[in-house]
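By convention in this document, chain letters (A, B, ...) are assigned in the order of the sequence lines, proteins followed by strands, and residues within each chain are numbered from 1. The figures that follow rest on heavy atoms only: side chains count, while hydrogens, waters and symmetry mates do not.
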Protein chains: 2
Amino acid sequence: MDRPTLISDKWRAGYAAQRLAEFTARCRRRGLAITPQRVAVMRVLVNSGDHPRAETVFAEVRRQYPNISLATVHRTLETLCEIGEARKVTPLHDSARYDGNTAPHHHVVCVRCRKVCDIDAPEFNRLLHGRRTLGDFELLGCSVEVHALCGECRKAAAANA
Amino acid sequence: MDRPTLISDKWRAGYAAQRLAEFTARCRRRGLAITPQRVAVMRVLVNSGDHPRAETVFAEVRRQYPNISLATVHRTLETLCEIGEARKVTPLHDSARYDGNTAPHHHVVCVRCRKVCDIDAPEFNRLLHGRRTLGDFELLGCSVEVHALCGECRKAAAANA
DNA sequence: TAGCGGATGATAATAATTATCATCCGGTAA
DNA sequence: TTACCGGATGATAATTATTATCATCCGCTA
Ligand SMILES: [Mn+2]
Ligand SMILES: [Mn+2]
Ligand SMILES: [Zn+2]
Ligand SMILES: [Zn+2]
């Protein structure tokens with residue numbers, strides 16, 4: 001049973017190089033133009049190990065393209081997610097969602113309509129196996145988000161296709 | 001090995017009643033005034049199984065207190081989180097965070113500074129055990145968020161106390 | 001190399017959340 | 001009970017993140 005480990009910067013460097021190599025081909029396959037801005041945003045993102053915000057990517061790309069617009073960075077990041085070249089760290093994001101259930105539990109989230117339901121899964125609560133630390137981090141707990149399509153959205157998707 | 005199950009509305013009804021019963025006592029213990037608005041927001045939240053947004057709670061509470069301000073609802077929900085009577089469904093929320101790593105992986109998040117690091121934990125990828133559905137949901141995948149304090153924040157917290 | 005259509009930059013608009021501040025009222029002690 | 005203090009509220013402005021609009025630009029194909 002492998003214990004959780006932090007992903008190293010070394011691994012990421014190699015990974016970034018490979019991802020960038022595939023990038024133009026994947027854009028072409030999707031019919032997306034290969035613009036310097038798009039490539040720059042992709043390069044900055046894939047070389048970042050810290051899950052940056054749009055503003056942060058903007059600041060970095062701006063050093064090479066001083067005229068790039070923040071709107072372009074937002075649009076590009078969104079595009080990258082759509083084509084599977086990136087993802088958001090959390091899929092829920094338009095507005096905060098609150099939960100009155102403070103018992104330890106987890107969630108299943110519909111990726112289309114964002115419905116969130118509670119799930120009770122005792123084994124999810126044992127994921128850390130009593131570990132107290134991970135690298136520099138002092139562990140406090142964990143929560144699992146199961147991504148799914150709810151019944152309604154499944155119907156909608158089927159009807160649509 | 002218990003399988004994950006959806007939490008029932010029945011369970012929630014009983015849970016809500018109990019939580020509301022404790023609520024005033026816990027406010028008093030914290031030195032927080034027991035106002036009708038605060039109680040109403042708490043009641044609506046704890047009776048909701050759908051992880052509502054502030055706006056949704058506002059709409060509901062407004063039926064009983066037509067003069068309540070949306071700002072009060074925001075403030076109250078935040079207060080409830082601070083005293084442990086509620087939580088946000090996702091702790092990351094000021095702005096979207098993007099990830100260039102599309103390989104299946106999970107995250108450890110510092111609850112104080114919101115630093116996010118990748119973790120490699122093969123067992124986290126097997127959580128669903130090949131299950132395809134859960135109630136009405138068609139399962140697609142899952143992601144684990146480990147809550148923690150990073151090294152720097154641990155020092156800061158220690159120095160502060 | 002010309003021309004089409006998507007991409008970009010500039011900017012306005014929208015939406016969520018937070019800050020400000022005068023007023024109000026819950027909690028406390030006389 | 002009553003008077004008072006400090007936190008809580010409502011109204012509103014400010015801030016912040018994100019998205020929409022649109023004229024111009026430029027990557028791509030023929
Ligand atoms: Mn929940
Ligand atoms: Mn990541
Ligand atoms: Zn759905
Ligand atoms: Zn930290």
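- Although no hydrogens or angles enter the test, the distance criterion places no donor-acceptor pair under 3.5 Å between the side chain of Arg26(B) and the main chain of Glu85(B).
- Atom NE2 in His74(A) sits about 7 Å away from atom P in dT19(D), given to the nearest Å.
- Counting to the nearest Å, the C1' atom of dC26(D) and the CG atom of Asn67(A) are 15 Å from each other.
- Computed from coordinates, the Leu77(A) CG to dT18(D) C1' distance equals 12 Å when rounded to whole Å.
- Arg19(A) contributes no side-chain N or O that, together with a main-chain N or O of Arg43(A), makes up a donor-acceptor pair within less than 3.5 Å.
- Using a distance-only test at 3.5 Å, with no hydrogens or angles considered, no donor-acceptor pair links the side chain of Arg62(A) to the main chain of Leu70(A).
- Summarising the geometry, the separation between OH on Tyr98(B) and P on dA17(D) is reported as 12 Å, rounded to the nearest angstrom.
- Of all the heavy atoms in Ala54(A) and His74(A), the pair that sits closest is CB-CE1, 3.4 Å.
- Atom CD of Glu78(B) and atom C1' of dA16(C) are 12 Å apart (whole Å).
- Of the candidate nucleotides dT17(C), dT9(D), dA10(C), dT17(C) has the atom nearest to the side chain of Leu70(B).
- dT15(D) atom P lies 17 Å from atom CG of Asp94(B), rounded to whole Å.
- Without hydrogens or angle criteria, Arg38(A) side chain to Leu80(A) main chain gives no donor-acceptor distance under 3.5 Å.
- Using the six-membered ring where Trp is involved, His107(A) and His51(B) have ring planes that are perpendicular, over 60° apart on the 30 and 60° scheme.
- For the pair Arg114(A) CZ and dA16(C) P, the interatomic distance rounds to 12 Å; values are reported in whole Å.
- Val144(A) has its side chain within reach of Leu127(A): a pair of non-hydrogen atoms, C-beta onward, lies under 4.5 Å apart.
- Neither Leu149(B) nor Leu128(A) shares a network with the other; the hydrophobic side chains, linked directly or stepwise wherever heavy atoms of I, L, V, M, F, W or Y lie under 4.5 Å apart, form separate groups for each.
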**OP:** Between protein and nucleotides 20-30 of chain C, map the contacts as a letter string: B base, S sugar-phosphate only, - none, heavy atoms under 4.0 Å, written 5' to 3'.
**Re:** B-----SS---

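- Side-chain N or O atoms of His93(B) include none that pairs as donor or acceptor with a backbone N or O of Pro91(B) at under 3.5 Å.
- There is no path of hydrophobic side-chain contacts, each under 4.5 Å, that joins Leu139(A) to Val116(B).
- Direction change of the helix axis from one end of the helix from dT1(C)-dA30(D) to dA30(C)-dT1(D) to the other is 40°, with five pairs defining each end axis (rounded to 10°).
- Between the OH atom of Tyr98(B) and the CZ atom of Arg87(A) there is a distance of 14.0 Å, given to the nearest 0.5 Å.
- Put simply, NE2 on His93(B) is 11 Å from C1' on dA15(C), counting in whole angstrom units.
- Within residues 37-66 of chain A, the residues approaching DNA chain D are Arg53(A), by heavy-atom distance under 4.0 Å.
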